[in-house]
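Letters A, B, ... mirror the listed sequences (proteins, then strands); counts begin at 1.
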Amino acid sequence: MTAYLPGTSLYRVLALAALLGLVPSVWLEADERDEELAKLRQELQQTQQKLEKARDRVQELEEQVAAMGGTPGETGDVPDPMAGQEEGLQPWTYNMRRSPMHVLFPGAATIPKHDFYGRFTHVSRESMNNKMGSGQQTEPFHNLLGLEDNVRIGMLLGYGLTDRWDVWVQRTNGRTMLKDWSGDSASFDYWDVMTKYHLLDEYEQGVDLSVYGGITYMMEDNEAGNTSVNAGLTVERSFLSDRVRLSTGVLYASLSAYEETTVSDPDNDVAMTKQMPGELPSPYLSSGDDYTLSIPVGLSLALTNHWQLFTEGIFPVAGYDTGKGPTLAFGGRYVTNTHEFALFFMNSANNSFNSLLTGGYRRDRIDQFGFSISIYY
Amino acid sequence: MRLTGALLAMTLALGATLHAQAPEPKVADGGSMTFHLELRNGSGDDPMIVLWLEDADREFVQTLQRFSKAKKYYKDLTTWTLRSSGAKEDHKALDAVTSPTIKWNGTGDFSIPLRTDAYDLTKGGYRIRIESRRDKGGHYRTFQIPVEAGFTGGEFEDDGYVKKITIKVEGNQQ
């Protein structure tokens with residue numbers, strides 16, 4: 001059988017013969033399978049030997065620990081993060097308190113120490129009733145709730161530095177802006193780079209409170225761009241046996257942004273895109289203060305250990321805003337120890353920190369469909 | 001006819017009652033050891049728990065009970081995985097001692113014979129190891145209960161997810 005192994009003269013002859021159709025190619029496939037099987041068996045044997053050695057070593061170390069009067073518990077226990085807080089805990093408490101990012105604004109929780117956190121957000125820029133940007137109204141599933149065209153995608157990656165301190169970076173696709181009358185344009189994307197610190201713990205001080213800060217860099221093609229300096233804090237508290245959780249705080253962006261939601265609207269009553277520094281002024285762009293100060297509010301309701309409903313809003317109180325009321329979102333999510341899946345509707349398709357706090361696209365509608373998938377690992 | 005029907009109904013009812021009565025627990029010929037686990041209160045996913053037996057030389061003897069049906073996460077019970085790796089326990093035997101996770105603040109029960117081909121608890125020199133773990137939570141593996149000759153059971157407490165185990169020994173202990 002080894003004579004048939006790839007690389008041997010006989011194998012080459014057989015390969016040629018198989019190409020010419022003189023012998024069944026299954027003969028060669030059987031040889032490849034045998035070789036792969038042999039490799040797997042070898043690796044299995046090596047791994048088993050390593051495991052045996054590891055077991056023997058563990059036993060030796062245990063005996064040494066015991067001989068020195070120690071507790072033969074190998075590496076010891078790792079206590080639960082909620083150890084000592086058993087009184088009053090509900091099955092849904094943990095999942096209600098752990099989300100470091102809500103749909104519209106940062107939560108009070110931080111990413112656990114040395115854990116990674118990833119979130120993928122996908123929001124339609126089209127109203128679910130719009131017919132592919134034509135401004136015409138149609139049934140919601142014509143363009144799959146607005147997801148078949150013009151979507152905003154956010155990809156976030158975070159890391160827990162300590163139990164109370166994390167960092168994250170998020171990229172959101174931006175747009176193109178015209179720089180001068182010659183047609184010179186630049187496209188930019190949003191990069192949020194933020195850090196958060198968990199100052200107060202609900203079980204110790206009565207509320208969860210975190211502060212965060214960072215920048216949003218609107219990176220253009222040549223990596224030049226504009227920078228917003230961001231800051232904020234979130235305060236959260238649970239009520240009614242931890243079934244209800246309220247969030248609020250303050251958000252600030254030194255260079256806020258806003259991008260139009262629908263390509264066109266039959267009533268022309270939608271918020272306009274905010275003009276950015278260096279962008280050519282236009283009747284289709286709105287100008288105003290560079291900064292925005294806003295108040296976020298969120299409400300979550302635990303239906304079960306895993307299922308939650310939520311609604312969020314961000315209310316601009318100073319500086320630039322769209323003039324169309326607060327940014328709003330509502331939906332449901334399913335939370336496990338390692339994942340979070342959310343479906344929601346918003347009145348904005350913005351996703352970066354400095355663009356979500358400037359308001360909604362229209363006062364009387366919340367019909368941008370979105371979803372997010374988060375993972376803790 | 002009515003009397004026959006009434007007698008028949010009474011017979012059926014009596015038979016159903018006898019059948020429905022919980023049978024008296026049979027004590028194995030060599031006796032048995034019953035475990036009653038009490039779980040601490042908690043939140044989030046329920047923890048996985050496994051109990052196994054080790055002999056005087058700290059060699060793995062047998063898995064006694066496993067409270068979790070999440071097969072892909074068994075490997076996260078790292079101490080038990082490492083200890084039992086050389087034993088190559090029969091999968092069917094393991095499935096027979098596997099039950100769903102115990103809910104927070106709940107209890108779990110099981111029993112084992114005092115003697116089998118693999119061990120004889122009446123002779124002592126064993127220890128029962130308990131490991132519990134929750135994904136993205138704590139990992140407790142130092143809880144253990146020594147079983148010496150003449151062991152009569154008792155209550156054993158720990159700071160982990162399993163806060164107390166009550167053991168009762170019944171039957172022939174010689």
Side-chain angles (χ1 to χ4, degrees), chain A residues 47-63 65-66 70-98 111-115 117 160 203 238 241-242 302 305-306 335-339 375-377, chain B residues 38-49 54-60 68 70 72-73 75-88 101-106 127-146 158-164:
Chain A
T47 305
Q48 281 174 335
Q49 287 168 352
K50 285 181 188 173
L51 186 57
E52 284 296 320
K53 283 184 186 173
R55 285 182 58 245
D56 292 340
R57 182 62 183 150
V58 164
Q59 189 161 347
E60 283 173 14
L61 290 169
E62 273 199 332
E63 287 167 359
V65 167
T71 305
E74 292 117 5
T75 55
D77 294 336
V78 176
D80 189 277
M82 304 188 87
Q85 300 170 359
E86 293 92 27
E87 190 177 338
L89 272 185
Q90 304 295 333
W92 49 81
T93 299
Y94 179 69
N95 288 336
M96 284 286 276
R97 289 189 65 207
R98 69 194 297 251
I111 302 164
K113 180 180 176 182
H114 297 169
D115 273 5
Y117 172 80
Y203 283 99
S238 302
S241 300
D242 295 346
N305 181 3
H306 298 293
V335 184
T336 71
N337 271 21
T338 53
H339 291 80
I375 179 170
Y376 303 82
Y377 56 98
Chain B
E38 295 176 37
L39 220 63
R40 199 169 294 283
N41 190 24
S43 185
D45 288 359
D46 305 315
M48 298 187 296
I49 303 167
E54 291 180 359
D55 63 18
D57 297 325
R58 298 202 179 94
E59 288 290 332
F60 179 88
S68 171
K72 64 178 179 177
Y73 296 120
K75 59 178 172 50
D76 292 338
L77 294 164
T78 52
T79 303
W80 168 74
T81 301
L82 183 65
R83 290 302 213 184
S84 62
S85 60
K88 292 184 176 54
T101 54
I102 304 174
K103 298 295 179 190
W104 293 112
N105 234 3
R127 60 179 186 168
I128 297 167
R129 299 279 310 266
I130 302 100
E131 183 176 11
S132 57
R133 186 171 191 177
R134 180 172 74 86
D135 199 12
K136 296 298 176 189
H139 187 184
Y140 299 96
R141 43 198 157 187
T142 60
F143 189 9
Q144 42 196 308
I145 301 169
D158 188 64
D159 293 332
Y161 292 125
V162 181
K163 71 176 178 184
K164 187 161 80 173

### Task
Identify which part of A/Asp242 has an atom lying under 4.5 Å from any heavy atom of chain B, answering side chain, backbone, both or neither.
neither
### Query
Between B/Phe143 and chain A, which part of the residue has a heavy atom less than 4.5 Å away: side chain, backbone, both or neither?
neither
### Summary
Heaviest contributor of heavy-atom pairs below 4.5 Å to chain A, chosen from B/His139, B/Glu131, B/Glu59, B/Arg40, is B/His139
### Message
For a 4.5 angstrom cut-off between non-hydrogen side-chain atoms, does A/Tyr376 reach B/Asp135?
### Response
no
### Query
Got a sec, which residues hit side-chain hydrogen bond (donor to acceptor under 3.5 Å, both in side chains) with B/Lys163, two or more places apart in sequence or on another chain?
none
### Query
Heavy-atom distance under 4.5 Å to chain B: side chain of A/Arg97, backbone, both or neither?
neither
### Query
Taking every heavy-atom pair that is under 4.5 Å apart, which of B/Gly138, B/Ser43, B/Pro47 has the most such pairs with chain A?
B/Ser43
## Note on the structure
Okay, A/Pro79 and chain B: the region with an atom under 4.5 Å from a heavy atom over there is both
### Message
Taking A/Pro112's backbone N and O only, do any of them form a donor-acceptor pair with A/Tyr117's side chain (distance below 3.5 Å, no angle check)?
### Response
no
### Message
Within the structure provided, determine whether B/Ile130 and B/Ile145 are in side-chain contact (heavy-atom separation under 4.5 Å).
### Response
yes
### Query
Got B/Ile49 and B/Ile102 here, is their nearest side-chain heavy-atom distance under 4.5 Å?
yes
